[in-house]
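Beneath this line is the structure, given in structure tokens, with notes to follow.
The analysis underlying the following values was restricted to heavy atoms, covering all of them including side chains, and did not include hydrogens, waters or symmetry mates. Throughout, protein chains are lettered first and strands after them, A, B, ... in sequence-line order, and every chain is numbered starting at 1. Since the model is a prediction, treat every value here as computed from it, not as a measurement.
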2 protein chains.
Amino acid sequence: MGARQGSSERLPDNYQLIYDVIREAGAGVHLTTNDLYLRASSRRPGIGISTVYRGVQRLRDLGLIDEILLPGADSAVYEPTASPHAHFRCTKCGSLSDVAYELPQRTITELSKRTGAHISEATVTLHGLCQGCCAA
Amino acid sequence: MGARQGSSERLPDNYQLIYDVIREAGAGVHLTTNDLYLRASSRRPGIGISTVYRGVQRLRDLGLIDEILLPGADSAVYEPTASPHAHFRCTKCGSLSDVAYELPQRTITELSKRTGAHISEATVTLHGLCQGCCAA
DNA sequence: GCGAAAGTGAATACCGCATTCACTCAACCT
DNA sequence: AGGTTGAGTGAATGCGGTATTCACTTTCGC
């Protein structure tokens, strides 16, 4: 996989570093800004937290990463861009995982009709006990 | 707190006041903690913001009100307890409204099976342009 | 009444995120 | 080359929402 995206513009080194960290963590791994800061710091000591914030904004705007905002979460998490999916959070251990589910387009169309709004995005978040916490 | 029986327990006056404010606002009206503080203050000057926070926590624990946490929202909003429903937020004007939709139990059951988790709650949040902002 | 427990309000702390500011540095242009 | 410009940077600061602490008051069980 190419280290940089095929655009003509090059990412600033720090932003590229943040992107690398997110991509190397892999799909389904959700990193907070602080996680990113810690990991980036170990590779490039002295990097500022502001730069991390600016970096994720830029990467999000470029569509390179997904910013995931969860209801009630204290902070946003980031993961490499993926197809739309739901998220599950364990109320006990706090773990967050992807769930391959998307609200059917038919449902969204129907809700748009019923509300008179133009629905462009639907986020689904599930809560409960994860498999591990269920067993325990 | 003494061992009082749940259903017959009397609410502290301040919490009752907060509950009244929420109920009087009515279903579908979403009040932030600050909204509640302002409205409660006009009836009972001197009430502290801490009391409002403690009040909504208590009312939420008692199941008297719903605490609605929206992805990316700056603050929680509260409304009288209602049957589960989705929320729609206009990305332009910020208005928030209830949408009579609930993830089908069948879907939740299936997702539980697939993930091995005990899903106890599903929140659905829709984003887009509300009817008014569509027209404009 | 009396003592314990619950409630209260002000102040403070905390956390995530936004903004500001001075500084560096590389690109660009005669 | 020199000079200008603009993006990028890191530290500091600000801010809003919420949690916590603390001393005080009220309420409740007896």
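Counting only heavy atoms from C-beta outward, the side chains of B/L64 and B/R23 never approach each other to under 4.5 Å.
Taking only side-chain nitrogens and oxygens, A/Y15 never comes nearer than 4.0 Å to OP1 or OP2 of D/dA7. Considering only side-chain N and O atoms, A/T51 lies nowhere under 4.0 angstrom from the phosphate OP1 or OP2 of D/dG8. Residue B/R44 has a polar side-chain atom (N or O) positioned under 4.0 Å from OP1 or OP2 of C/dG9. An OP1 or OP2 oxygen of D/dA19 is reached within less than 4.0 angstrom by a side-chain nitrogen or oxygen of B/Q57.
At a threshold of 4.0 angstrom between heavy atoms, the contacts of A/T33 are confined to the sugar-phosphate backbone, with no base atom among them.
Among the nucleotides C/dC17, D/dG10, C/dG9, the one closest to any side-chain atom of A/Y53 is C/dC17. Across C/dG9, C/dG16, D/dG10, the shortest atom-to-atom separation from the side chain of A/R54 is found for D/dG10. Across D/dG10, D/dG17, C/dA18, the shortest atom-to-atom separation from the side chain of B/S75 is found for D/dG17. When each of D/dT9, C/dT8, D/dG10 is scored by its nearest atom to the side-chain atoms of A/P12, the top-ranked nucleotide is D/dT9.
Computed from coordinates, the B/L70 CG to D/dT18 C1' distance equals 16 Å when rounded to whole Å. Atom pair B/Y37:OH and D/dG17:P shows a separation of 13 Å (rounding to whole Å applied). When the P atom of C/dG16 is taken as reference, atom OH of A/Y78 falls 12 Å away, rounded to whole Å. To the nearest angstrom, P of D/dG10 lies 15 Å from CG of A/L36. The CD1-C1' distance, from B/I18 to C/dG7, rounds to 12 Å in whole Å. When the P atom of C/dG7 is taken as reference, atom CD of B/Q16 falls 14 Å away, rounded to whole Å. Spacing between atom CG of A/D35 and atom C1' of C/dC17 amounts to 16 Å, rounded to whole angstrom units. Atom CG in A/N34 sits roughly 10 Å away from atom C1' in C/dG16 (whole-Å rounding).
The base of D/dG8 does not come close enough to the side chain of A/R58 for any donor and acceptor atom to sit less than 3.5 Å apart. Within 3.5 Å, a donor on the side chain of B/S50 pairs with an acceptor on the base of C/dA10, or the reverse.
At a cut-off of 3.5 Å, with distance as the only test, a side-chain donor of A/D20 or A/Q16 sits close to an acceptor on the other residue. Between the side chains of B/D35 and B/H30, no donor N or O sits under 3.5 Å from an acceptor N or O.
Ion pairing of A/R106 with A/E110 is absent here, as no side-chain N (NZ or NE/NH1/NH2) approaches a carboxylate O to less than 4.0 Å.
Two residues, A/N14 and B/I49, neighbour DNA chain D, and the one matched to the more 5' nucleotide by heavy-atom proximity is A/N14.
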Name each donor-acceptor pair under 3.5 Å that joins a side chain in residues 122-136 of chain B to protein atoms two or more places apart or in another chain, with its distance.
none

